[in-house]
Amino acid sequence: MYDQARNVSLLLARVAIGVIFLVHGYQKFATMGIAGTTKFFESIGIPLPGLAAPLVAVLEVAGGIALILGVALPIAGTLLALDMVGAILFAHLPAGFSVAEGGYEFVLALAAASLAIGFTGGGALALDAVLGRRRGAASLSA
């Protein structure tokens with residue numbers, strides 16, 4: 001029963017965190033636009049903002065989808081956590097901890113959740129687990 005609850009909990013967390021990243025990345029394309037995101041990145045001192053803005057937007061969309069599907073979880077989780085470390089250092093750290101003041105509280109939670117999901121197998125219906133089982137079965141029969 002514990003394993004089943006763990007798998008469902010990881011599935012729910014994976015999808016929730018994935019949706020958050022997917023929406024945040026999508027906003028960088030649709031709401032702000034890459035030009036607006038680039039200007040914002042430049043204003044807060046992110047190096048190479050013209051390169052960073054589209055890369056971060058693509059990472060958040062693709063990483064969010066990867067979390068939702070449960071595929072390439074260690075890679076997606078690590079890259080999304082690093083993305084959030086950058087957000088903490090460049091955008092949120094000066095405001096302190098509290099999210100109400102624009103601080104890093106929420107971004108830190110996203111970084112931690114990304115790593116936790118990335119290195120716990122993703123739970124129920126994670127494609128990594130399904131593909132891993134298939135690879136394992138194929139290698140056993142060969």
Side-chain angles (χ1 to χ4, degrees), residues 1-100 102-140 142:
M1 184 162 119
Y2 172 78
D3 285 340
Q4 187 176 19
R6 179 181 175 275
N7 283 332
V8 171
S9 296
L10 284 169
L11 166 66
L12 295 174
R14 193 181 83 226
V15 170
I17 299 300
V19 167
I20 291 168
F21 276 110
L22 176 61
V23 170
H24 280 236
Y26 175 77
Q27 288 172 335
K28 287 174 178 65
F29 286 111
T31 305
M32 296 175 69
I34 294 300
T37 303
T38 300
K39 282 184 182 181
F40 173 69
F41 280 16
E42 186 175 18
S43 76
I44 61 173
I46 292 178
L48 303 170
L51 179 62
L55 285 177
V56 165
V58 168
L59 169 62
E60 290 177 358
V61 169
I65 292 169
L67 291 184
I68 292 165
L69 297 176
V71 66
L73 290 174
I75 295 166
T78 300
L79 291 176
L80 290 169
L82 290 172
D83 176 34
M84 293 300 94
V85 168
I88 290 169
L89 294 175
F90 287 101
H92 299 279
L93 193 61
F97 182 75
S98 175
V99 71
Y104 60 89
E105 176 180 11
F106 177 63
V107 181
L108 180 62
L110 288 175
S114 297
L115 286 175
I117 292 164
F119 290 95
T120 56
L125 305 176
L127 287 181
D128 278 352
V130 172
L131 295 173
R133 280 191 217 122
R134 286 188 186 150
R135 277 190 221 115
S139 65
L140 288 176

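Positions are given from 1 along the sequence.
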Return yes if some donor-acceptor pair links the side-chain N/O of Arg14 with the main-chain N/O of Ala124 below 3.5 Å, else return no.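 Present.
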Is His92 reaching over with its side chain to a backbone N or O of Gly102, donor-acceptor style, under 3.5 angstrom?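 Pair found, side chain donor or acceptor close to backbone of Gly102.
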Rounded to the nearest 0.5 Å, how far does [atom2] of [Y] lie from [atom1] of [X]?
X      : Y     : atom1 : atom2 : value
Ile117 : Leu11 : CD1   : CG    : 10.0 Å
Leu10  : Ile17 : CG    : CD1   : 11.5 Å
His24  : Thr31 : NE2   : OG1   : 10.5 Å
Ser43  : Phe90 : OG    : CZ    : 12.0 Å
Leu125 : Ile68 : CG    : CD1   : 13.5 Å
Leu93  : Ile88 : CG    : CD1   : 8.0 Å

Taking the side chain as everything from C-beta on, heavy atoms only, tell me whether [X] gets closer than 4.5 Å to [Y].
X      : Y     : answer
Lys28  : Phe40 : no
Leu22  : Glu60 : no
Leu59  : Leu55 : no
Phe29  : Val61 : yes
Phe106 : Ile20 : yes

Taking all heavy atoms of [X] and all of [Y], pick out the closest pair and write down the distance.
X     : Y      : value
Gly50 : Pro54  : O-CD, 3.2 Å
Ala81 : Ser114 : N-CB, 4.1 Å
Arg6  : Thr120 : NH2-O, 3.3 Å
Ile44 : Ala91  : CD1-CB, 3.8 Å
Ala52 : Ile46  : CB-CG2, 3.8 Å
Leu67 : Leu80  : CD1-CD1, 3.7 Å

Heavy-atom count around Phe119 CZ within 6.0 Å, excluding the residue itself: above 12?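 Result for CZ/Phe119: enclosed.
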Is Ile75 atom CD1 crowded by more than 12 heavy atoms from other residues, nucleotides or ligands, each under 6.0 Å away?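 For Ile75, atom CD1 is not crowded (no more than 12 foreign heavy atoms under 6.0 Å).
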With side chain to side chain contact (heavy atoms under 4.5 Å, CB included) as the criterion, how do Asp83 and Val56 come out once you've worked through the C-alpha distance, each side chain's angles and the decisive distance to 0.1 Å? CA-CA 7 Å; Asp83 176 34; Val56 165; 3.6 Å; yes
Apply side chain to side chain contact (heavy atoms under 4.5 Å, CB included) to Phe21 and Ile65, showing your working. CA-CA 8 Å; Phe21 276 110; Ile65 292 169; over 6 Å; no
